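Take a look at the structure below.
Fair warning: this is a prediction, and the values are worked out from it, not measured in the lab. Order of the sequence lines sets the chain letters (A, B, ...), proteins ahead of strands, with each chain counted from 1.
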Amino acid sequence: MPELPEVEVVRRGLAEHVAGRVIDAVTVTHPRSVRRHVLGAADLIAGISGRRVREACRRGKYLWLTFDEPDAGTPDSRTAGPALDAALVVHLGMSGQMLVQPADAPVDKHAHIRATLDDGSELRFVDQRTFGGWALAPLVEVDGSLVPEPVAHIARDPLDPRFDPEAAVAAIRAKKSEIKRVLLDQTVVSGVGNIYADESLWRARINGNRPAAGLTRPALRGLLTEVRAVMDEALAAGGTSFDALYVNVNGQSGYFERALAVYGRQDEPCRRCGAPVAREKFMNRSSYFCPRCQPVPRRR
DNA sequence: CACTGGTCCTGGTGGC
DNA sequence: TGCCACCAGGACCAGT
């Protein structure tokens, strides 16, 4: 269940183990993992084979790899000109992993894409539930930043140096739906998933069912502060469990077992007031909250 | 146009 | 023991 902090841990791993490497051969063994690449697996493979990875980037839960210019003299480089290049966009979905392993290491049953690198290692995309995948897409400029086209609609996340809290507060207040749904809307603020939404709302003592537009600016500033704090803490926890063999292990951060205040703690005492944590259905999933610290809004 | 609710997908779990 | 319903959930899509 990778959210922003887990994805950032993966990005750091890719920056360390994959940036600078040349992608040699690519194999796709599950078509669903490349379904977002409309031109198909063969086109994706052709587009990244032989390319040297430049940088590992992230916005919200989206990852992407950029590449150095192809070598001068290749046919492509004449027509490419100054046009913006493409990036390999990766979304982990619910269960995606980006593993860097020795090429002769046993291959996981759910390894759907494998890319050999020029240092003898192999980058493997492992994904049990196949919600994630790879796609090659052109880079476009949005609000002064270069992002892949499928990421163009994704808002800046709270860890982005150019994240503007006041603009985020205004965007949240402009929404007509409940605050939790707005938090999960990646076009408003990106990187927040179901778990950290519940954790942030609990910290800010706001019930997720409250209309976003009805919350005061200070309340929303406080909420965004808690979102950032939860992410920072999870990132600190995740950054420590780092194996050189693996870029990351299932996006887990160690944060899960320890520090969750409400998520998954139905009927257990609220860590602040002791009241039993409540659980309710929300968009075919669950919301956890403290009914005392986060009072349910009055029906209008 | 904005908002809402359904759907995709598979492995693990718990009930009968 | 075996079967099946159910759950997890990010992003997309169709309907209002």
- Of all residues at least two apart in sequence or in a different chain, which pass the side chain to side chain contact (heavy atoms under 4.5 Å, CB included) check with A/D143?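 Partners of A/D143 by the side chain to side chain contact (heavy atoms under 4.5 Å, CB included) criterion, ordered by chain and then number, come out as A/R156, A/R162.
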
- Item | Residues that A/R51 engages under side chain to side chain contact (heavy atoms under 4.5 Å, CB included), provided they are two or more places apart | A/F67, A/P70, A/D85

- Hydrophobic cluster mates of A/V107, side-chain heavy atoms under 4.5 angstrom, ILVMFWY only, any path? none

- List, by chain and then residue number, the residues other than A/F282 in its hydrophobic cluster (Ile/Leu/Val/Met/Phe/Trp/Tyr, side-chain heavy atoms under 4.5 Å); write none if there are no others. A/L184, A/M283

Roughly how many Å is it from [atom1] in [X] to [atom2] in [N], rounded to a whole number?
X      : N      : atom1 : atom2 : result
A/M94  : C/dC7  : CE    : P     : 14 Å
A/R36  : C/dG10 : CZ    : P     : 15 Å
A/I154 : C/dA11 : CD1   : C1'   : 8 Å
A/D127 : C/dA11 : CG    : C1'   : 14 Å
A/N284 : C/dA5  : CG    : P     : 17 Å
A/Q128 : C/dG10 : CD    : P     : 16 Å
A/M283 : C/dC7  : CE    : P     : 16 Å

Which part of the nucleic acid does [X] contact within heavy-atom distance under 4.0 Å: base, sugar-phosphate only, or nothing?
X      : value
A/H30  : nothing
A/R32  : sugar-phosphate
A/F282 : nothing

- Message: Could you tell me the boundaries of the chain A footprint on DNA chain B, defined by atoms under 4.0 Å from its heavy atoms?
- Response: B/dC3 to B/dG11

- Are any side-chain N or O atoms of A/D108 and backbone N or O atoms of A/V126, one a donor and one an acceptor, separated by less than 3.5 Å? no

- Message: Enumerate the ring-ring contact (aromatic ring centres under 6.0 Å, His included) contacts for residues 28-66 of chain A, please, sequence neighbours excluded, ordered by first and then second residue.
- Response: A/H30-A/H112, A/Y62-A/H91

- Item | Sequence neighbours excluded, every pair satisfying ring-ring contact (aromatic ring centres under 6.0 Å, His included) that has a member inside residues 156-190 of chain A |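 Sorted pair list comes back empty.
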
- Message: Does A/R272 qualify as a cation-pi partner of A/W202, given the criterion of NZ or CZ under 6.0 Å from the six-membered ring centre and within 45 degrees of its axis?
- Response: yes

- Query: For A/F289, what residues pass the ring-ring contact (aromatic ring centres under 6.0 Å, His included) criterion, not counting sequence neighbours?
  - Reply: none

- Message: OP1 or OP2 of C/dA8 versus the side-chain N and O atoms of A/R279: is any pair under 4.0 Å?
- Response: yes

- Item | N/O (side chain, A/S286) to phosphate O (OP1/OP2, C/dA8) under 4.0 Å | yes

- Sequence neighbours excluded, every pair satisfying side chain to side chain donor-acceptor pair (under 3.5 Å) that has a member inside residues 128-138 of chain A: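 Of all non-adjacent pairs touching residues 128-138 of chain A, those that pass side chain to side chain donor-acceptor pair (under 3.5 Å) are A/R32-A/T130.
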
- Where along residues 185-194 of chain A does a heavy atom come under 4.0 Å from DNA chain C, residue by residue in number order?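 Within residues 185-194 of chain A, the residues near DNA chain C are A/Q186, A/G193, A/N194.
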
- Message: For A/R285 and A/K281, find the nucleotide of DNA chain C closest to each by heavy atoms; which residue's nucleotide sits nearer the 5' end?
- Response: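 This one resolves to A/K281.
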
- Query: In chain order, what residues pass the salt bridge (charged side-chain N to carboxylate O under 4.0 Å, His left out) check against A/E122, with sequence neighbours excluded?
  - Reply: A/R114, A/R124

- Message: Determine whether A/S286 and A/R279 satisfy the following criterion, side-chain hydrogen bond (donor to acceptor under 3.5 Å, both in side chains), listing intermediate values before the conclusion.
- Response: CA-CA 6 Å; A/S286 295; A/R279 173 189 181 180; 2.9 Å; yes

- Message: At 10 degrees resolution, what angle do the end axes of the helix from B/dA2-C/dT16 to B/dC16-C/dG2 form when each is taken over five base pairs?
- Response: 50°

